[in-house]
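Note that this is a predicted model, so its numbers are computed, not measured. Heads up: numbering here begins at 1 and tracks the sequence. Just so you know, ligand 1 is whichever comes first in the structure, and atom 1 is the first atom listed for that ligand.
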Amino acid sequence: MVAMRNEFEGRTALVTGASRGIGAAAAVALARAGCARMLIHYSASFEAAQETARRVRELGAEAELIGGDLSTEEGIRGFVDSLGGRAREVDILVNNAGSLLRRAKLAEMSYELYNQVMDLNAKSAWFITQAVAPHMAARGAGVIVHVSSIAARTGGGIGATVYAAAKAAVSAFARGMARELAPHGVRVNAVSPGTVDNDFHARFSTREMLDAVVRQTPQGRLSTNEDIADVIVFLCSDAARNVIGQTIEVNGGMFMI
Ligand SMILES: NC(=O)c1ccc[n+]([C@@H]2O[C@H](COP(=O)([O-])OP(=O)(O)OC[C@H]3O[C@@H](n4cnc5c(N)ncnc54)[C@H](OP(=O)(O)O)[C@@H]3O)[C@@H](O)[C@H]2O)c1
């Protein structure tokens with residue numbers, strides 16, 4: 001009997017923001033699915049990134065750490081530079097790094113914070129894709145998954161409007177990049193988490209806010225990092241071969257479209 005080849009065998013994946021949360025879960029899930037090599041991006045959380053690498057290696061994949069603050073143009077350029085020749089080796093790109101950074105209502109938003117939120121959540125996804133996608137297109141194969149947010153559709157909670165706008169840009173990138181790259185064999189989609197029970201909301205939301213979300217959620221719970229990571233793996237898999245330019249909402253039914 002001929003052994004079935006694992007579709008992820010030999011694949012190199014780059015996951016940004018893979019030190020913690022959804023990104024760490026995605027790196028581990030992709031390694032478990034059979035990816036051979038994981039490029040683990042991190043910024044402030046070096047030790048957590050080392051832990052992701054340890055878990056990835058335990059699953060039999062190679063792991064390399066690449067640092068970089070993506071909240072400034074200089075930092076994005078520096079990260080792209082430090083990718084170097086590895087940019088041409090990426091088969092799967094997960095643009096996950098992102099953050100609200102700080103809640104700020106209309107009058108409280110500074111020019112500096114506006115730029116940081118936009119650079120981290122939107123500009124970084126654009127320019128990292130710019131560095132990687134031409135090599136995928138030249139090979140006629142590749143998969144890109146952006147991480148958007150339910151905020152892209154709702155406009156975000158109080159003080160999260162600019163973050164929501166950045167995520168709306170990410171969802172638009174998924175459609176526009178998909179249209180440009182699909183003829184070259186590269187699939188682009190986005191996953192849009194609702195409210196994930198992780199550091200993100202531990203930092204930016206109160207327990208009362210999270211309990212209110214649970215009450216509004218048909219499934220009766222918050223999402224987990226793994227709930228989102230599994231959909232990322234699906235979007236990277238051949239099972240999603242005809243899924244192009246979509247933003248998949250993953251939120252336990254809290255928000256339906
Ligand atoms: N949690 C939610 O409910 C939720 C909902 C919708 C969308 N999302 C999106 O999902 C993605 C992952 O978030 P998460 O929930 O996993 O949050 P998280 O646990 O706070 O993790 C955020 C990740 O992004 C990285 N990051 C943060 N600031 C960065 C910076 N300045 N430069 C480079 N990397 C930076 C972090 O790296 P370091 O720790 O190494 O700095 C970390 O790996 C984000 O794009 C977020 O907007 C989350």
Could you identify the single nearest non-hydrogen protein atom to [atom] and state the distance to 0.1 Å?
atom                    : answer
atom 24 (O) of ligand 1 : G98 N, 3.5 Å
atom 41 (O) of ligand 1 : A44 N, 2.8 Å
atom 34 (N) of ligand 1 : H41 CE1, 3.4 Å
atom 32 (N) of ligand 1 : L70 N, 2.9 Å
atom 31 (N) of ligand 1 : D69 OD1, 2.9 Å
atom 29 (C) of ligand 1 : L120 CD1, 3.7 Å
atom 39 (O) of ligand 1 : S45 OG, 2.5 Å
atom 48 (C) of ligand 1 : I22 CD1, 4.0 Å

Against heavy atoms of [X], which atoms of ligand 1 measure under 4.0 Å?
X    : value
G68  : 32 (N), 33 (C)
A97  : 24 (O), 34 (N), 45 (O)
Y42  : 40 (O)
N198 : 1 (N), 14 (P), 15 (O), 16 (O)
K167 : 44 (C), 45 (O), 46 (C), 47 (O)

Hey, is ligand 1 close enough to [X] that some N/O pair sits below 3.5 Å?
X    : answer
V196 : yes
S19  : yes
L101 : no
T195 : no
N96  : yes
V147 : no
D199 : no
G17  : yes

Give a yes or no answer on whether the side chain of [X] reaches the backbone of [Y] with a donor-acceptor pair at less than 3.5 Å.
X    : Y    : result
S223 : G194 : no
R203 : L101 : yes
S149 : A152 : no
N189 : G245 : yes

SB check [X] [Y] (cutoff 4.0 Å):
X    : Y    : result
R207 : D211 : yes
E74  : R77  : no
E108 : R102 : no
K123 : E73  : yes

A164, G194, G67: member with heavy atom nearest to atom 4 (C) of ligand 1: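 The option holding the nearest heavy atom is G194.
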Option set R20, H201, H146, criterion heavy-atom distance to atom 20 (O) of ligand 1, minimum: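 Of the listed residues, R20 has the closest heavy atom.
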Modelled atom types, side-chain donor and acceptor of R221 and T195, under 3.5 Å: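 Absent: no donor and acceptor within the cut-off.
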Flag for S171-S148: side-chain donor and acceptor within less than 3.5 Å: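 Present: a donor and an acceptor within the cut-off.
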Residue pair L113 / A104: nearest heavy atoms and the distance that separates them: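 Residues L113 and A104, closest heavy atoms: CD2-CB, 3.9 Å.
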With a 4.0 Å cut-off on heavy atoms, is [X] touching ligand 1?
X    : result
A151 : no
A24  : no
R203 : no
S148 : yes

Whether F46 and Y42 hold their rings parallel, tilted or perpendicular, with breakpoints at 30° and 60°: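 Rings of F46 and Y42: tilted, as their planes differ by 30° to 60°.
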Mutual orientation of the aromatic rings belonging to F79 and H41 [parallel < 30°, tilted 30-60°, perpendicular > 60°]: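 Taking H41 first and then F79, their aromatic rings stand perpendicular (interplane angle over 60°).
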Candidate pair T217 and N251, rule side-chain hydrogen bond (donor to acceptor under 3.5 Å, both in side chains), full reasoning: CA-CA 8 Å; T217 303; N251 56 47; over 6 Å; no
Atom pair OG/CZ of S192 and F255 - distance to nearest 0.5 Å: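 Atom-to-atom, S192:OG and F255:CZ are 8.5 Å apart.
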Per-residue contact class, Y163 against ligand 1 - non-hydrogen pairs under 4.0 Å: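 The answer is the side chain.
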CD (E112) with more than 12 external heavy atoms under 6.0 Å: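 No, the 6.0 Å shell around CD holds no more than 12 heavy atoms from other groups.
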